[in-house]
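Every chain is numbered from 1, with letters handed out A, B, ... down the list of sequences.
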Amino acid sequence: MDLNELNEEQRKAVLTTEGPILVLAGAGSGKTKVLTTKIAYLIEECGVPPYNILAITFTNKAAGEMKDRLVKLVGDKINSAQISTFHSFGVRIIRENAPLLGYTNNFNIIDSDDSLTVVKKILKEMNLDSKQFNPTNIRNKISSAKNEMISPDEYEKYANSDIEEIVQTVYKKYEIILSKSNSVDFDDLLLLPIKLFKKYPDVLNRYQEKYRYILIDEYQDTNEAQYILTKMISSKYKNICCVGDNDQSIYGFRGANYRNILNFEKDYKNATVIKLEQNYRSTTNILDAANDVISHNKERKDKNLWSNKGKGEKISYYKAYNEKDEAFYVVRKIKELIKNCDYQDIAVIYRTNAQSRVLEEAFLNENIPYHIVGGTGFYNRKEIKDLLAYLRLINNTQDDISLSRVINVPKRGIGTKSVLNLEEKALKEEKSMYEVIDSGKEMAFKNIIEELINDSHDMTLTDLVDDVLEKSGIKEEYISEKSLEADIRLENLEEFKSITRAFEDREGVISLNDFLQDISLVTDIEYKYDPNTVNLMTVHSVKGLEFPYVFVVGMEDGLFPHINSIYNGTLSELEEERRLCYVAITRAKEKLFFVNARMRNMFGSSQSNQESRFIKEIREELIDKEFKDEEPTKKVFFDLDERPHFDHSDEIKEDVEYNIGDNVYHEVFGTGKVLEVGKSTLSIAFKHPYGIKKLMKNHKSINKL
DNA sequence: GCCTAAGTGCTTTTT
DNA sequence: GCACTTAGGC
C-alpha cells in the first residue's frame, strides 16, 4: 500500500493500529483520507477481517462516501465491515437482540415529528394548555434526558419546578405509549443497546469480540449515550481511533459534548494523540480569517492550523439593502464565477433554513440551477407520511401511533371521539388499538388492513405500495379532488414507488420490515439532480464538505450569531455559534464571500440588523468591502427594492397568456404546472424540487406545453 | 364529524 | 408569512 501521499502525522495515525488513538484533525487536514486509508491498511496490511471493523460517521451521507472510497481501495469485501452512523448501528444491535429488550423484530422507529405528536396527545389527555406548556420544549427535554440516560423515575431527582414535574409525567406516559406500540425513537437507538449491554455482559462480550477495531469520526459531536456506547464496546480490545476537532463542535443543542474529545486522554490510558495541523484546503487569507474568529473562544485548546497554498484572494464583503438585494448579489457573482468554473464548485450557506426561500426565487428567475441540501423535504410531506403509516401498520399492527394517524385518512367518518374511545378500550384491555376494533366504521378500516397484510405476503414492495394506495382510497381521494395540489401529491406518491423500486433493484427481494427500518433513518431522498448545480444548505449541513467558492449569507447579529444565543443564551451558546462560523469559513478553498442585509423581512415585517460580530473579529486587511459605508436614504432604498436587478427586456415574450393549470416547461428546472397567476409572477409547481416556486411571468425560459 | 374562517405564535441548527 | 389551532355553523 502506498502511504507516500500522506504527511508524517497522517502516516503515524494510519500506522498506529493498536491501542487507543486520538486524531485532532483541524479543518481540511485530511482526516477522511486518514480514516479510509487506515481502514484499508488494517484490512490489506494487517490482515484484519473486514467484519472486525466498526466505523462510525455522523451522517448517512458520510458513511456512504466512506464506503464508496473503500470499495475503490479494497473492493467489495468492505461490505462486511460495519460502516454507518451511530443510529444505524443502534438499529442493527436492537434488531439482533429485539426479544431481549422486550421488542419484536418488526419494531417501528418514529421520527421527531411523531415524537412530538405523541407528546401533544399526552398533554391533551392531561388537559394541559399547549400554549403554557410548549410541546416541542417538553419533547426536547425528554430527548435530552434520554441522551443523558436519565430514566423517567430518575428524572424525579431533577424535577425542581412545576414544569419539570410535568415533563416527568409526560416522559413516563411517553415511554409507555412507545413500548406499547412496539416503537422506538431516535434516542432509543442509542439507549437500548446500552441497556442491553449492561444487562447482558455476554452479549456485550460478543460485540466486543466482533468489533475489534473501532473508528469514530466527528468525535467532538458525540453525546453522552454515544460516548458510553463507544466506551463499552471498545473496553476489551481498546483499539479505538477517534477523529475530531473541538473547534467544529456544533451540535451542543442536541446534547453533544465536545469535552468528550478533550477528555480522551483521561478516559483511555496510554492513548496516542496525533495532531493534524496542516490544512490542504484553503488559502491562508481564508485560514487566517477562520483563526481570527475562533481565537475569540475562551473554552478551547489552542492549535496552529497552517497552509502553504499562498495568500489567495481577499474575502469579499457586500452589505446589501435587503434580503432580495442580497440574493441578487449572490446571483450576480455566480454569473461571473461560472465563466471559469462549474456550478457545483459553488456553495451558498446560511444559518437558518428559512433563508433559502429568497435565494431560491432569485435562482429560479435567473436560471441558475441549484440544489437545496437537507432541510425538510420529501419524507415530511403529508401524503408520504400517510403512506408510510399504512405500511408501518401493516408491518406491525401494534403501532397505535400509525393507526391513529391514518384510521381516518382518507375521511371515513371516524373522528377524534371514536379514536379516543378506541384508546381507552385498548388501555383497559391491555391490547393494541387495532386488536380492540370489533365493530362499526372502524371495522371497515380493520378489514382493509387485514386484506393488505394478506397481500403483503406475496407481493413485491412496489406492488404493495400500489395496493395500499388503491385499497386505502388515498389514490381515489386525490384523483377525485382534481386540484393541482392533489396532482402534486399523486406525483409524489408515484415518486415514492421509484424509491421502493430502486431499493428492490439494489437489495433484491426485501421485506417490508427491512425497508421501513432502513428508511426511518434517512432524512431526504437523493434526487437525481443534474450534478452540475449550485449547492444551498445550512452551516450545519455543510460540515465535512468543501467548495472552491463559498458564499455565507445573512452575516448579521441576530441571525448569525442567532438571536437566541445572544440574548437568552449563555457564553457557551455564543461560542457554539462562533464554531459554526469557523466551520462556514473553512469550507472555502479559493474564495469566500460574506453577504448581509441592512434590512430584512422576518415574520412578515421589516427588521434591521447590525453586521455580524464575527466579521468584526476578522482583521481588516483580509476583507475587501464591496459597498460604501453610509446608509442609503429611505427614498433610495425604496427604489432599489423595486428595481429589477437584471435587464430582462430581451427575454420577455410578448402576448403569452398563462392560466391556472397550464403545463409549462422551464429550460433549467423542467416541467411544472401553473398554480397561480399574479401581476408579474407565476406560481409554478415543479416536480423536482417538489413544491411551489414563483417565477417571472413571460420569462424567456418558460414555455407553455 | 366535517369544513371554513379567523386567530395565533413562531424559527435555530438534525440523526 | 406561514403552518397550525380553534370556534362555530352545517
Mind calculating the distance between [atom1] ([X]) and [atom2] ([N]) to the nearest angstrom?
{"X": "A/Arg139", "N": "B/dT15", "atom1": "CZ", "atom2": "P", "result": "14 Å"}
{"X": "A/Met602", "N": "B/dT11", "atom1": "CE", "atom2": "P", "result": "13 Å"}
{"X": "A/Glu477", "N": "B/dC2", "atom1": "CD", "atom2": "C1'", "result": "12 Å"}
{"X": "A/Lys146", "N": "B/dT15", "atom1": "NZ", "atom2": "P", "result": "18 Å"}
{"X": "A/Gln607", "N": "C/dG1", "atom1": "CD", "atom2": "P", "result": "14 Å"}
{"X": "A/Tyr258", "N": "B/dT13", "atom1": "OH", "atom2": "P", "result": "22 Å"}
{"X": "A/Gln220", "N": "B/dT14", "atom1": "CD", "atom2": "P", "result": "16 Å"}
{"X": "A/Tyr350", "N": "B/dT13", "atom1": "OH", "atom2": "P", "result": "10 Å"}

Verify the contact: side-chain N or O of [X] to OP1 or OP2 of [N], cut-off strictly under 4.0 Å; return yes or no.
{"X": "A/Asn147", "N": "B/dT15", "value": "no"}
{"X": "A/Asn134", "N": "B/dG9", "value": "no"}
{"X": "A/Ser541", "N": "B/dT13", "value": "no"}

If you check the [X] side chain, which of [options] turns out closest?
{"X": "A/Arg254", "options": "B/dT15, B/dT11, B/dT13", "result": "B/dT15"}
{"X": "A/Lys417", "options": "B/dT11, B/dG1, B/dT13", "result": "B/dG1"}
{"X": "A/Thr538", "options": "B/dC2, B/dT11, B/dT13", "result": "B/dT13"}
{"X": "A/Phe253", "options": "B/dT11, B/dG1, B/dT13", "result": "B/dT13"}
{"X": "A/Lys411", "options": "B/dG1, C/dG1, B/dC3", "result": "B/dC3"}
{"X": "A/Phe186", "options": "B/dT11, C/dG1, B/dT15", "result": "B/dT15"}

Per the salt bridge (charged side-chain N to carboxylate O under 4.0 Å, His left out) rule, what does the pair list look like for residues 403-421 of chain A, sequence neighbours excluded?
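Salt bridge (charged side-chain N to carboxylate O under 4.0 Å, His left out) check on residues 403-421 of chain A returns A/Asp386-A/Arg405.
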
Enumerate the salt bridge (charged side-chain N to carboxylate O under 4.0 Å, His left out) contacts for residues 214-228 of chain A, please, sequence neighbours excluded, ordered by first and then second residue.
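Salt bridge (charged side-chain N to carboxylate O under 4.0 Å, His left out) check on residues 214-228 of chain A returns A/Lys31-A/Asp217, A/Lys31-A/Glu218, A/Glu218-A/Lys543, A/Asp221-A/Lys543.
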
Tell me what [X] touches on the nucleic acid: a base, only sugar-phosphate, or nothing, going by heavy atoms under 4.0 Å.
{"X": "A/Asn601", "value": "nothing"}
{"X": "A/Ser112", "value": "base"}
{"X": "A/Tyr251", "value": "sugar-phosphate"}

Can you sort out the partners of A/Lys195 under side-chain contact (heavy atoms from CB on, under 4.5 Å), two or more places apart, ordered by chain and number?
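Once residues adjacent in sequence are excluded, the partners of A/Lys195 under the side-chain contact (heavy atoms from CB on, under 4.5 Å) criterion are A/Leu192.
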
Only counting residues at least two apart or in another chain, list the ones meeting side-chain contact (heavy atoms from CB on, under 4.5 Å) with A/Ser151.
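So A/Ser151 forms a side-chain contact (heavy atoms from CB on, under 4.5 Å) with A/Asp153, A/Glu154.
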
Identify, between A/Asp187 and A/Gly413, the residue whose nearest nucleotide on DNA chain B lies closer to the 5' end.
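Nearer the 5' end of the strand: A/Gly413.
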
Hey, which of these two, A/Ser418 or A/Phe86, hits DNA chain B nearer its 5' end, going by closest nucleotide?
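Its nearest nucleotide lies further toward 5', so the answer is A/Ser418.
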
If I pick the P atom on C/dC4 and the same atom on B/dT13, what distance separates them, to the nearest angstrom?
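Taking atom P in both B/dT13 and C/dC4, they lie 15 Å apart.
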
Taking only Lys NZ, Arg NE, NH1 and NH2, and the carboxylate oxygens of Asp or Glu, determine whether A/Glu96 and A/Arg92 approach each other closer than 4.0 Å.
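Salt bridge flag = yes for A/Arg92 with A/Glu96.
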
Is there a donor in the side chain of A/Tyr174 and an acceptor in the side chain of A/Asp185, or the other way round, less than 3.5 Å apart?
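Present: a donor and an acceptor within the cut-off.
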
Side-chain atoms of residues 118-125 of chain A: list all donor-acceptor pairs with protein atoms under 3.5 Å, sequence neighbours left out, distances to 0.1 Å.
from	atom 1	to	atom 2	distance (Å)
A/Lys121	NZ	A/Ser404	OG	3.2
A/Lys121	NZ	A/Glu423	OE2	2.8

Atom CD of A/Gln610 with >12 non-hydrogen neighbours under 6.0 angstrom
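Incorrect, the count does not exceed 12.
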
Protein-nucleic acid N or O pairs under 3.5 Å, nucleotides 3-7 of chain C:
from	atom 1	to	atom 2	distance (Å)
C/dT5	OP1	A/Lys120	NZ	3.4

